[in-house]
Number of protein chains: 2
Amino acid sequence: MSKSLENKEFGVKEIARLANVSIATVDRVLHNRKGVSEATKKRINDIIKEFDYKPNIIASRLASKRTSTFAVLIPSSTETGFWEAPLSGIDRASKNLKQYGITVRKFFFDLNDKNSFLKQVAEIMQLQIDGILVAPSFIEEATQLASICGERKIPYVFINSDVPGQNSVCYIGPHLFCSGYQAAQLMDFAVKSGKILVINVSKELDQYHHLLRKEEGFRAYFEKNNRKLEILKIDIKKTDASSIAFALDEVLTKEKGVEGVFVTNSRVSSVAHYFEQKGMDKVLIGYDFLKENIKYLELGLIQFLICQKPEEQGYRGIMTLHRYADLNERNIEDQFMPIDIVTKENYRFYHN
Amino acid sequence: MSKSLENKEFGVKEIARLANVSIATVDRVLHNRKGVSEATKKRINDIIKEFDYKPNIIASRLASKRTSTFAVLIPSSTETGFWEAPLSGIDRASKNLKQYGITVRKFFFDLNDKNSFLKQVAEIMQLQIDGILVAPSFIEEATQLASICGERKIPYVFINSDVPGQNSVCYIGPHLFCSGYQAAQLMDFAVKSGKILVINVSKELDQYHHLLRKEEGFRAYFEKNNRKLEILKIDIKKTDASSIAFALDEVLTKEKGVEGVFVTNSRVSSVAHYFEQKGMDKVLIGYDFLKENIKYLELGLIQFLICQKPEEQGYRGIMTLHRYADLNERNIEDQFMPIDIVTKENYRFYHN
DNA sequence: CTGAAAGCGCTTACAG
DNA sequence: CTGAAAGCGCTTACAG
């Protein structure tokens with residue numbers, strides 16, 4: 001370690017000296033506060049520009065003791081455990097930002113209960129909040145949240161799935177269509193003949209559901225590449241093992257020659273479990289780096305898992321609010337996560 | 001934004017008051033400086049423990065104006081452009097750390113000239129340096145560097161390839177064996193019959209070369225899984241297009257039925273170029289997210305690229321030196337990069 | 001072995 | 001519209 005000697009920083013004091021004003025006036029100009037004559041304002045701004053002055057964030061933070069509070073609204077951890085990863089990314093970010101006086105308050109809703117979402121929104125609105133990170137699982141309710149935020153000028157970031165047409169700071173999550181497209185390519189490599197089965201497992205499967213966008217991408221690949229495979233599909237609106245087994249029994253008895261199965265979300269382990277029970281051997285592709293899924297990957301019952309950095313989604317979500325609310329950045333772009341391909345051979349090195 | 005009111009920070013001033021000493025003495029204890037009686041030292045430490053005092057890093061940085069300087073020693077950018085990514089990660093880290101007074105000095109050596117490595121080491125040793133980030137491309141020369149650092153107590157981190165048995169802070173880079181193993185699994189999916197050809201392209205191919213560890217992993221997969229495919233191999237010790245074409249002409253004339261080709265480094269684009277010229281259609285797997293490689297991925301001449309976050313390697317390298325030298329962390333573990341699988345369908349979303 | 005005082009580069013009342 | 005002064009929580013000479 002050594003001391004920084006020479007470049008004795010060019011700061012407010014120096015600007016004040018050059019402009020023949022006090023540092024308080026310099027501070028006013030720096031923060032666009034009123035009460036400064038146009039003349040001195042210009043003089044100061046010219047000096048700032050000439051010397052390319054950059055404020056010392058450390059000193060500024062120390063002096064101001066400014067703090068922000070962000071709210072997080074995501075599903076409570078379900079049996080699949082998917083939401084634990086974003087949550088841990090959120091915690092990592094808030095740990096990093098704590099030293100700058102930034103607080104993160106977490107709120108959870110029930111994925112099976114749209115009302116719980118609204119209830120939590122009401123809770124959040126009681127507080128003094130500088131930004132919201134939200135998983136807009138229910139389109140309509142999320143739209144309501146967006147409009148409240150619009151009125152109150154509270155910035156909000158969407159993670160994991162998007163609600164286009166809203167005025168969010170940005171979206172952070174997978175490009176659903178493309179991730180389905182990627183799944184199809186892998187399927188194409190691994191299956192040389194036979195039929196393909198697409199399975200959507202979700203209690204909330206309306207026509208706008210984001211799982212369907214993955215299915216569209218999946219189908220698009222085969223069309224684009226002129227592959228004439230037959231693609232079947234089923235929607236399973238219950239998530240328990242026996243409902244899934246029942247649905248699979250039905251389709252696999254009726255349809256012979258299914259060689260590849262694509263499950264559009266993390267429920268792929270339930271399907272793997274079924275195949276294990278029945279001693280079936282098919283190419284199985286699904287989503288998410290979850291304990292159960294990795295187990296079946298390891299066993300060779302799942303060939304590929306597509307993962308989209310859920311931890312990082314949470315981390316980036318908070319950091320993005322910080323950039324917007326504290327660092328005053330604007331025009332922040334949507335952040336699409338990579339489409340990671342996880343296999344039996346590389347999962348041990350995967351960074352969630 | 002709001003002000004943090006209540007918890008008026010518990011700091012050195014408060015500790016000093018409770019211990020009946022001056023804050024200067026508290027500071028001495030905090031930094032393990034000598035010149036404090038055992039009695040007062042204990043008194044102060046007890047208070048620190050009791051109140052779980054955490055120093056305010058911001059204030060500390062502002063007051064001390066402490067700085068560190070790290071040196072980076074990596075190959076200069078070659079025609080493949082591989083080293084641009086680690087370099088940009090290094091720049092990103094040094095930009096982040098600049099506000100804390102940390103300086104990064106960059107030194108480059110020629111991958112075809114071991115002496116240039118040693119020359120740069122000599123340059124670095126002229127300076128006051130608090131740590132070195134080095135790509136140990138030449139085992140023997142890197143070992144020399146390690147022993148010099150040992151004498152001078154300068155910490156060093158290896159990136160991209162490792163020199164085991166040295167006393168480095170840690171290694172940051174791919175697990176070479178496992179990445180070859182992964183390549184083999186993909187090859188196994190994509191090639192159903194025929195022979196496989198492994199190609200090492202490098203001017204420096206001694207028996208310890210790190211490319212060979214990838215080849216070992218590749219072969220291990222087929223053995224472990226009892227695949228009886230025939231695996232051929234060639235080493236090409238010149239990197240120009242015509243040398244590569246000549247070597248490929250030779251092997252592909254002699255050996256018929258080669259269906260899959262595995263190139264153990266980023267030179268895969270040269271092989272793709274050859275196939276393009278000859279109108280050949282094979283499964284081709286290689287390494288690294290480089291412009292030329294992506295071009296052939298896009299064209300369908302390369303099926304899979306394995307990538308190992310070169311940008312992140314550089315970023316983590318600097319951050320790790322910072323953690324060790326400035327934040328006094330110890331027992332820092334090796335950091336293996338994920339084994340990312342990049343395809344025509346997901347490369348647009350890849351985060352290098 | 002210990003302490004008083006100045007200072008890091010900003011921000012914030014307060015006074016005029 | 002503007003400035004003097006105190007203060008953020010530490011570190012650093014310097015003096016004893």
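In what follows, chains carry the letters A, B, and so on, assigned in the order in which the sequence lines appear, proteins first and then strands, with residues in each chain numbered from 1.
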A:T103 vs A:S68, side chain to side chain contact (heavy atoms under 4.5 Å, CB included): CA-CA, chis, key distance, verdict: CA-CA 6 Å; A:T103 309; A:S68 317; over 6 Å; no
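With a 4.5 Å cut-off on side-chain heavy atoms, A:L18 and A:F10 count as touching. Side-chain contact between A:T40 and A:V29: absent, with no pair of heavy atoms (C-beta onward) separated by less than 4.5 Å. Using a 4.5 Å heavy-atom cutoff, the side chains of B:K119 and B:F109 are not in contact. A heavy-atom distance below 4.5 Å is not found between the side chains of A:V134 and A:F107.
Applying the salt bridge (charged side-chain N to carboxylate O under 4.0 Å, His left out) test to pairs two or more places apart or on separate chains, those with a residue in residues 16-26 of chain A are A:E14-A:R17. Applying the salt bridge (charged side-chain N to carboxylate O under 4.0 Å, His left out) test to residues at least two apart or on different chains, none of the pairs has a partner in residues 146-168 of chain B. Within the structure, salt bridge (charged side-chain N to carboxylate O under 4.0 Å, His left out) contacts touching residues 28-38 of chain B (residues at least two apart or in different chains) are B:D27-B:R33.
Electrostatic pairing of A:D91 and A:K95 does not count as a salt bridge here, judged by no charged N lying under 4.0 Å from a carboxylate O.
For the pair A:L62 CG and C:dG7 P, the interatomic distance rounds to 17 Å; values are reported in whole Å. To the nearest angstrom, P of C:dT2 lies 16 Å from NZ of B:K34. In this structure, the CG atom of B:L30 is 12 Å from the P atom of D:dT12, given to the nearest Å. With rounding to whole Å, B:F10 atom CZ is found 13 Å from D:dG9 atom C1'. A:N56 has its CG atom 5 Å from the P atom of C:dC10, to the nearest Å. Taking atom NE2 on A:H31 and atom P on C:dC10, their separation rounds to 10 Å, with Å as the unit. Spacing between atom CD1 of B:I15 and atom P of D:dG9 amounts to 12 Å, rounded to whole angstrom units.
Taking CD1 of B:I124 as the reference point, atom OG1 of B:T69 lies at 12.5 Å (rounded to 0.5 Å).
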Filtered N/O pairs between nucleotides 3-5 of chain D and protein, under 3.5 Å:
| from | atom 1 | to | atom 2 | distance (Å) |
| --- | --- | --- | --- | --- |
| D:dG3 | OP2 | A:S22 | N | 2.8 |
| D:dG3 | OP2 | A:S22 | OG | 3.4 |
| D:dG3 | OP2 | A:T25 | OG1 | 2.9 |
| D:dG3 | N7 | A:R28 | NH1 | 3.4 |
| D:dG3 | O6 | A:R28 | NH2 | 2.4 |

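Nearest nucleotide to the side chain of A:S37, out of C:dG7, D:dT2, C:dC1: D:dT2.
Base-pairing analysis of DNA chain D finds the following stems of at least three consecutive Watson-Crick or G-U pairs, with both pairing distances under 3.5 Å: C:1-3 with D:14-16, C:5-12 with D:5-12, C:14-16 with D:1-3.
Within residues 40-55 of chain B, the residues approached by DNA chain D to less than 4.0 Å at the level of any non-hydrogen atom are B:Y53, B:P55, in residue-number order.
Side-chain contact, B:Q313 with B:N160: a donor N or O sits under 3.5 Å from an acceptor N or O.
Summary of the strand contacts: B:A63 and B:G35 both lie near DNA chain C, and taking for each the nucleotide with the nearest heavy atom, the more 5' one is attributed to B:G35.
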